[in-house]
Amino acid sequence: MTGEIRITLPDGSVRALPAGATARAVAESIGVRLARDAVAAKVNGEIWDLSRPIHQDAAVEILTPNSADALYVLRHSSAHILATAVRQLFPEAKIGFGPPIDDGFYYDFEVPRPFTPEDLERIEQRMHEVVKADYPFVREEVDRQDARRRFKDDPLKLERLEELGDDQIISVYTDGPFVDLCRGPHVPGTGHVKHFKLLHAAGAYWRGDSRRQMLQRIYGTAYFSKDDLAADLRRREEAERRDHRVLGKQLDLFSIQEDIGPGLILWHPRGATIQFELRRLIEDEILKRGYQLVYTPHVTREQLFFRSGHLPLYEHNQYPAMAAGAGEAEDIRYRTKPMNCPMHILIYASRQRSYRDLPIRLAEVANVYRNELSGTLHGMLRVRGLTMDDAHIFCREDQIEQEIFEMLDLTDFVLSQTFGLQYRLDLATRPEKKLGSDEVWDVAEGALKRALERGKLTYGLDVGGGAFYGPKIDVKLKDAIGREWQGTTIQLDYELPERFQLEYAGSDNRPHRPVMMHRAIYGTLERFVGMLIEHFAGAFPVWLAPEQVRVLPIAEAQIAGARAMHERLRAAGIRSSVDDRNDTLNYRVRDGELMKVPYMAVVGQRELEQGTVAVRVRGAGKKQEILPVDQFIARVKGEIATRALAP
RNA sequence: GCUGACGUAGCUCAACUGGUAGAGCAGCUGAUUUGUAAUCAGCAGGUUAAGGGUUCGAGUCCCUUCGUCAGCUCCA
């Protein structure tokens, strides 16, 4: 391996360098500034250290701080610096994994006692010293014996080491006093990591396995620039400011009370109004699209769920059985339902169906109960009593594509056209624990794929993320501050029609098995409303706002006039209230703003005499408009009717 | 469910190393009649999450249970 190698750059140009040249040398051959900015390199699509020798012809791209790949490298190095500092302060700490993640990095440690906030401060300070020392990250390739020797005191690393195949290169990275078994790559030296922050510590199972020991994980984040780090910390604060649990209390939308139990939502009148509008939107829309509404019970004989296969497979998520109804045999038990599908299936199966009837689309906004682990509950976003905007479609094989296509269109109508939310799609394929044969899954996954492609939609793959009864398309919503949320799911199901022996008479007058689909556009009203609260920061568009107009008389003399106006608004279908409390106008305006009421209609003597109203728009400050009352009502009605997003 | 932190009035928070619960806002009453983000005064409000223990004495220390939070696992 002597002589020259040919390096192809991203612009297509080719440079000849001596064999064994490093990516740093490539960068230097291009320019000093690039060499100075270089963080790592992409060699044949794989990210390498700048200092790693290249022995063969290769395509090389120099990574600088403005690439996403470089940020991952930086964060990976940050994790090592974290571990370096922890090892110095806590020599007894055993190291686990320390990868970069989407919004930062973490490192797992096995330590005798958990880290305290004070520990984090000390660790962060020590990290700054490690950065100041600017230790180079040195890569070495070692054999298994050597690696075993080096990590003899780190059982977690040894465990990982033994999983590596014989054909895999074993590499270790050293920065100053710290050595880690690591695939790399890293920035050239610890001095490159200047802008970072440790965020919090929490327990995490080793290898993510709840049967194994709990390690202590420290999370942090890192950026190339001070501004980026500051912006991230601001974003985190902003997310806190929008917390739906806090806003839900302030705006009197909902509560969760110990007397009722965790994960069970009390929708107060204001929150219920939002739910009501969402139901109205989806029900109006699906009726136009050929769905039929149904209602089914909250509890059922548990036999139904054995037949559907939920029991015992889904039992960990179901509430325990209740005793039989009065006068029934004792061995008959009842369960609350965690899903609606078996009931909708029984409606389908309640009479003979013809191929001419299909597709049959049964919809129900229904409450179901799932016994989620207590530690997973989180405000409205993760609950035990769920309100699903559920529907099941029974159709022929040849109708699948069209049905999926229409569901994707409905999804777009609701999420994008109505709420202005961006979203992306994921095709989730067969999980390990599943019902049905691989052949059936092949057909099902293929059908979803074709529908997506027909809709010319781009989508990602979530391998193994499907439900146990079929593959699904998951919709990930993006909110106002860029966070992603699990919303809509569309699932194909070949299994339940089989279990319930569903049939329709074909044009050949022979029995056929229909295909079934499950879908929920909002997902659950709880999670969707929770997401909306954070998305809008509580400032709902007029059509969703629990209180659309608040009428404020300036003084006692206008109370009767204000009440009359409130009646006019209410008669026009506008949710209105009067704040005629014995407080200053300033006080009442402030209260209206804090409650995020979109419009305050101020009525003074002048307005009453002229038949006008002084309109204060939420968030617009002192700027106000004097409008004839008719005109104001027309404007609000218009915004409600079109479900306008502003104000 | 697991690890850790936490739980004081409706809300946000005080209360020295154990010494006998306090403030602002909200609420109620009254005065004030207000022109676009907090008028003034008075009153009321707590078995300190629940239960048990240590102590002369527990909001404070210990145990159990419940709940909340940060994560893990799981998930709409």
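Within every chain, numbering begins at 1; the chains are lettered A, B, ... in the order of the sequence lines, protein sequences first and strands thereafter. Please read these numbers as outputs of a predicted model, since none were measured by experiment.
R382(A) comes within 4.0 angstrom of a base, heavy atoms only. Heavy atoms of G487(A) sit under 4.0 angstrom from primed sugar atoms or phosphate atoms, though from no base atom. K476(A) comes within 4.0 angstrom of nothing in the nucleic acid, heavy atoms only. Among the protein residues, Y219(A) comes within range of the sugar-phosphate backbone only, with heavy atoms under 4.0 Å from sugar or phosphate atoms but none that close to a base. At a threshold of 4.0 angstrom between heavy atoms, the contacts of E372(A) include nucleobase atoms, whether or not backbone atoms are also involved.
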- Task: Can you check each nucleotide of nucleotides 61-70 of chain B against protein heavy atoms at under 4.0 Å and return B for base, S for sugar-phosphate only, - for none, in 5' to 3' order?
- Result: -----BSSSB
- Just by protein heavy atoms under 4.0 Å, how would nucleotides 34-46 of chain B read 5' to 3' in B, S and -? BBBBBB-------
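With respect to the salt-bridge test (charged N to carboxylate O, under 4.0 angstrom), the residues E238(A) and R242(A) qualify.
For G24(B), the paired nucleotide is C11(B), the pair qualifying as Watson-Crick or G-U wobble because both relevant distances are below 3.5 Å. Remark: C56(B) base-pairs with G19(B). Criterion, Watson-Crick or G-U wobble with two distances under 3.5 Å. For C74(B), there is no paired nucleotide, since no Watson-Crick or G-U wobble pair has both relevant distances below 3.5 Å. Across all strands shown, A31(B) pairs with U39(B); the Watson-Crick or G-U wobble distances both stay below 3.5 Å.
To the nearest whole angstrom, the two P atoms, one in A21(B) and one in U68(B), are 31 Å apart. A44(B) and A49(B) have their P atoms separated by 24 Å, given to the nearest Å. Comparing G7(B) with G59(B), their P atoms are spaced 14 Å from each other, to the whole Å.
Between L215(A) and H316(A), the residue whose closest nucleotide on RNA chain B is further toward the 5' end is L215(A). Each of M380(A) and W206(A) has a nearest nucleotide on RNA chain B; the 5'-most of these lies closest to W206(A).
No close placement of the Y423(A) and W485(A) rings is indicated, their centers lying 6.0 Å or farther apart. Side-chain rings of F90(A) and F115(A) approach one another, their centers coming within less than 6.0 Å. A centroid separation of less than 6.0 Å is found between the aromatic rings of Y599(A) and F632(A).
With sequence neighbours left out, H268(A) forms a side-chain hydrogen bond (donor to acceptor under 3.5 Å, both in side chains) with D252(A), S255(A).
The interatomic distance linking M339(A) (CE) with A76(B) (C1') rounds to 10 Å, in whole Å. Remark: P of A49(B) and CD1 of I260(A) are 21 Å apart, rounded to the nearest angstrom.
If you check the side chains of Y219(A) and R217(A), you find a donor sitting under 3.5 Å from an acceptor.
For R527(A) and C75(B), a side-chain-to-base donor-acceptor distance below 3.5 Å is present, hydrogens and geometry of angles not being considered.
Across D108(A), V111(A), V86(A), a single residue satisfies side-chain contact (heavy atoms from CB on, under 4.5 Å) together with Q216(A), and that is V111(A).
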